[in-house]
Amino acid sequence: MKNGNYDVKDIKLADKGMLKVEWAAKDMPVLQGIKERFQKEKPLKGVKLAACLHVTTETANLMDTLKAGGADVRLCASNPLSTQDDVAAAIVKHIGVPTYAIKGEDNKTYYKHIEQALSAKPNITMDDGADLVSTIHKNGKQLLNGIMGGTEETTTGVIRLRAMAEKGVLNYPIIAVNDAYTKYMFDNRYGTGQSTIDGLMRATNRLIAGSVFVIAGYGWCGKGVAMRARGLGAKVVVTEVDPLRALEATMDGLAVMTMKEAAPIGDFFVSVTGDINVIAEASFMKMKDGAVVANSGHFNVEIDIPALRKLAKSTRKIREFVDEYALKDGRRIYLLGEGRLINLAAAEGHPSQVMDMSFANQALCAEFMAKNYKKMEKRVYSVPQDIDKKIAVLKLQAMGIKIDRLTPEQQKYLQSWEMGT
Ligand code: ADE
């Protein structure tokens, strides 16, 4: 591939990156099965696809699968700090997908990379956070003509896209991969649960046992983080705005309180809400000396970093992904990974076993879109149920787990209403 066809940190890292891509592939049997079928059937032949995803070993395997299906693919990062540079090089050199992603890229480069991924005039967009869709709708309306549709990986992106559809400004159909059971129940819960704690531990090397661990948001991601923090011996506190989720956290045995109450007692704070300024000035004013603050939501807006900067008399980098903010009253607050998603900034994102299902959904939804786009409207669709179910069946098979079947008698009973006690 020519030099101008990619922008990665160092192409010489490719062989090192490819070993990691192969390591991940072993734990992605569902995606591998799809790749084998795609190789034979070529369902994406002639389709140009732009992907804006976290550039990880799992994404590399998805790129390989889409290419096997005949797609002409380009990839850019969906976050400036989540790229694995050796993997980006491997995707270019060994998988043959033009890739535009460098860990730590500034905002200008981030958006330039999005433009480069879009420059091939894609038919399908594959997003994690809706940046391709929003860039096309803001600056690339000339691309709309050639677009069949798109897919969206994450909760935050789906929220943005639903808002666009409701306002009547969404110009092509989207499949919300995030909303498949085989995505959010596993990726959001077990993936975010494990990888957030992994990022926190790699960044700080601090003991979690015995700490007060405050989690803002008790959606699927928050539930996963809470489960793992509790497993490591933390006293978990949940803050919520949704009464049902607050009740759920309470009955899961967790302490539920307001952020105002949690601020002075927390040792660790993790925000996973998808909303803005969840940990803000009033909380910083109350935190203990040494409090650690991290975000695991998609965008770096959950922690009010400008407010923290204003409160600080000095800042310094203590170790990789740990910035110290020394406040005027002498307290120190530690911000991890510049407030970007800590699981991908300081660790490697979700493990391959869960991304296997998330990316199987992506591959099958791209295939579905290529086949059905002419019948689809300009709105956000759920993942077709048969795709979701098929992925669950394939994952169980790959894990060697058998399940029971309903007997004809049981089936009949479930369809009838006459029989009682
Ligand atoms: N999002 C969270 N974890 C990820 C991973 N390992 N690869 C791609 N996207 C992710």
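Numbers here are sequence positions counted from 1. Numbering of ligands and ligand atoms starts at 1, following listing order.
Residue contacts with ligand 1: H54 is placed with no nitrogen or oxygen under 3.5 Å of a nitrogen or oxygen of the ligand (distance criterion only). At a 3.5 angstrom cut-off on N or O pairs, T56 counts as close to ligand 1. Here's the thing with N343: none of its N/O atoms is less than 3.5 angstrom from an N/O atom of ligand 1.
For atom 3 (N) of ligand 1, the nearest protein heavy atom (residue, atom name, distance) is H350 N, 2.8 Å.
Of all the atoms in ligand 1, the ones that sit under 4.0 Å from a non-hydrogen atom of T59 are 7 (N), 8 (C). Shown in contact with L344 at under 4.0 Å from a heavy atom are these atoms of ligand 1, numbered in order with element: 1 (N), 2 (C). The E348 neighbourhood of ligand 1 comprises atoms 6 (N), with distances under 4.0 Å to a heavy atom of that residue. In the vicinity of E58, heavy-atom distances shorter than 4.0 Å reach the ligand 1 atoms 5 (C), 6 (N), 7 (N).
A side-chain donor from one of T109 and D106 sits under 3.5 Å from a side-chain acceptor of the other. H298 and T156 are not linked by any side-chain donor-acceptor pair at a separation below 3.5 angstrom, with hydrogens and angles left out of the test.
Put simply, the side chain of K395 gets close to the backbone of Q353: a donor and an acceptor are under 3.5 Å apart. Although no hydrogens or angles enter the test, the distance criterion places a donor-acceptor pair under 3.5 Å between the side chain of D127 and the main chain of L132.
Of the heavy atoms in D187, none comes closer than 4.0 Å to ligand 1.
By the 6.0 Å and 45° rule, R332 does not stack over the aromatic ring of Y334. Taking the centre and axis of the six-membered ring of W220, the NZ or CZ atom of K223 falls inside the cone set by 45° and 6.0 Å.
Residue M355 holds the heavy atom nearest to atom 9 (N) of ligand 1 of all those in M355, Q84, H298.
Residues R228 and F213 form no side-chain contact, since every pair of their non-hydrogen atoms from C-beta on lies 4.5 Å or further apart.
Heavy-atom distances between E153 and ligand 1 stay at or above 4.0 Å for every pair. For L53, the heavy-atom gap to ligand 1 stays at 4.0 angstrom or more.
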Just list the side-chain donor-acceptor pairs under 3.5 Å for residues 65-76, sequence neighbours left out, or say none.
| unit_1 | atom_1 | unit_2 | atom_2 | d |
| --- | --- | --- | --- | --- |
| T65 | OG1 | N61 | O | 2.8 |
| K67 | NZ | I95 | O | 3.4 |
| K67 | NZ | G96 | O | 3.4 |
| R74 | NH1 | Y100 | OH | 3.1 |
| R74 | NH1 | Q116 | O | 3.3 |
| R74 | NH1 | S119 | OG | 3.2 |

